[in-house]
Amino acid sequence: MTQPDRPLLLASALWALTVGGLQAATLASASACKMQEFGELNVNADGGDITVEAAINGHPVRLIVDTGSDITMLFHGAAEDLGLKWSSNGAATLYGVGGSAGIGSTKAREFSIAGVTVKDLTIPVAGRMTSPAAQGLLGAHFLLAGDLEFDLAAGKVRFLKPTDCQGEQVVYWGGRYTVTPIVPSHVDKRIELRVLLNGKPVRAMLDSGAGVTTVSAVAAQRLGAGPGSADLTQGEGLTGLAGAKVDSHVKVFSTFTFGDETIKNARIEIADMFTADEEVHLGSNVPQAVVDFPEMFLGADFLRSHRVYVAMSQKKIYASYVGGPVFARRTHPPDPK
């Protein structure tokens with residue numbers, strides 16, 4: 001997840017060209033309801049991240065599909081590897097797991113994704129490579145301009161526009177599903193929802209850029225799973241844009257509930273993710289968070305085991321379980337030789 005302290009977004013024209021510029025296909029129709037697909041991404045979800053292939057100035061790059069990041073961006077190391085010069089944007093800063101990172105920008109002669117090329121595009125540059133398999137992030141202001149479907153079993157992320165559709169009609173693939181509302185957030189394009197851990201409400205964010213579902217140490221403490229709990233085991237840790245690794249522990253919660261789906265013995269990681277994002281304000285010695293972070297990231301591990309329709313048009317999330325363990329950590333693939 002990344003959160004800028006002031007807007008710095010990939011041009012909205014990119015989404016319009018990539019998605020709106022493609023010919024729509026009607027996927028299903030029920031009475032007056034029509035589900036039109038305006039584009040899709042071929043994604044790889046075999047490793048720890050969900051990634052998509054793009055190209056900058058003719059060079060292939062892989063971007064993490066990241067609904068938790070406000071912006072689409074390149075990592076500093078990737079910009080250098082591509083021979084792109086970048087400049088600092090002064091006070092602009094990203095906040096996320098493990099601390100903050102300054103933002104710069106670069107100009108790409110060509111940016112290509114999903115078969116569409118945009119010329120002379122300014123792209124934000126920030127942070128360190130968090131995955132050996134990716135050079136940047138494809139963020140929420142690109143992904144969430146309309147309705148979005150994660151169908152990772154088929155290796156697809158689809159951009160959809162429902163017309164004259166009510167409620168469950170958007171679940172065009174049929175079958176059983178659960179639904180939960182998207183709760184209001186002061187941050188634009190953030191997918192926040194309420195889940196239950198051991199029957200207690202937790203404010204979560206659907207974050208496709210988080211490889212593993214994680215609950216904050218503060219929320220875990222509230223749920224009785226703080227430091228010193230007898231049933232905690234050592235986790236593999238998390239690494240954010242700042243490059244700092246955050247220790248984690250694993251807790252087996254008796255229940256995790258999403259909508260009306262309840263998973264028993266849910267193995268979920270706990271980490272003190274945002275301590276480094278606190279600052280001391282003048283007149284106070286008490287550190288306060290600079291950003292209103294969620295209590296939990298619902299990550300790529302959840303999306304791999306479900307077909308998920310993010311209905312921005314309805315402010316709801318529909319999910320169908322498709323098989324496999326729900327909270328299973330997958331490691332990144334080995335570095336390419």
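Since the structure is predicted, the reported quantities are computational estimates derived from the model, not experimental observations.
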With sequence neighbours excluded, tell me which residues meet ring pair (Phe, Tyr, Trp, His ring centres under 6.0 Å) with [X].
X    : value
F253 : none
Y309 : none
F150 : none

Between H306 and V326, is a side chain to side chain contact (heavy atoms under 4.5 Å, CB included) present by the stated rule, with each step listed? CA-CA 8 Å; H306 291 79; V326 176; 4.0 Å; yes
How long is the span from the [atom1] atom in [X] to the [atom2] atom in [Y], to the nearest 0.5 Å?
X    : Y    : atom1 : atom2 : value
K85  : K107 : NZ    : NZ    : 14.0 Å
L138 : I50  : CG    : CD1   : 11.5 Å
E192 : L206 : CD    : CG    : 11.0 Å
E53  : N44  : CD    : CG    : 10.0 Å
Y172 : E37  : OH    : CD    : 6.5 Å
T163 : K34  : OG1   : NZ    : 8.0 Å

Hydrophobic cluster membership, with links at side-chain heavy-atom distances under 4.5 Å among I/L/V/M/F/W/Y: are [X] and [Y] in one?
X    : Y    : value
L197 : V218 : no
V250 : F327 : no
L196 : I263 : no
V52  : V310 : yes
L152 : Y321 : yes

The test is side chain to side chain contact (heavy atoms under 4.5 Å, CB included); show your working for L82 and N57 and say whether it passes. CA-CA 9 Å; L82 292 167; N57 297 345; over 6 Å; no
Should V171 and R307 be marked as a side chain to side chain contact (heavy atoms under 4.5 Å, CB included) after you check the CA-CA gap, both sets of side-chain angles, and the distance that decides it? CA-CA 10 Å; V171 188; R307 188 167 182 173; over 6 Å; no
Taking the side chain as every heavy atom from C-beta outward, state whether [X] and [Y] have any pair of such atoms under 4.5 Å apart.
X    : Y    : value
V125 : L84  : no
I56  : I123 : yes
R203 : M296 : no
M35  : V170 : yes
L137 : I71  : no
H249 : E269 : no
F256 : V202 : no

Which atoms form the tightest heavy-atom contact between [X] and [Y], and what is the distance?
X    : Y    : value
T72  : G139 : OG1-N, 2.9 Å
R158 : D151 : NH1-OD2, 3.0 Å
P294 : R190 : CD-NH1, 4.0 Å
T117 : S112 : OG1-OG, 2.6 Å
L63  : A54  : CD1-CB, 4.2 Å
G324 : S305 : O-CB, 4.2 Å

Which residues pass the side-chain hydrogen bond (donor to acceptor under 3.5 Å, both in side chains) test with [X], sequence neighbours left out?
X    : result
R222 : E295
T257 : T262
E168 : Y177

Tell me if a side-chain donor or acceptor on [X] pairs with a main-chain N or O of [Y] at a distance below 3.5 Å.
X    : Y    : result
E110 : K119 : no
T67  : S208 : yes
D301 : V212 : no
T213 : G299 : yes
D147 : L160 : no

Residue pair T178, D260: steps toward the side-chain hydrogen bond (donor to acceptor under 3.5 Å, both in side chains) verdict: CA-CA 6 Å; T178 187; D260 59 8; 2.6 Å; yes
Quick one: sort the F302 and F258 rings into parallel, tilted or perpendicular, breaks at 30° and 60°.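 If you compare the ring of F302 with that of F258, the planes turn out tilted.
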How about K156: does its NZ atom have over 12 heavy atoms from other parts shown lying under 6.0 Å from it?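 Counting neighbours around NZ of K156, more than 12 heavy atoms of other residues, nucleotides or ligands fall under 6.0 Å, so yes.
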Give the C-alpha distance, both sets of side-chain angles, the deciding distance and a yes or no for side chain to side chain contact (heavy atoms under 4.5 Å, CB included) between I64 and D49. CA-CA 6 Å; I64 297 171; D49 298 310; 3.8 Å; yes
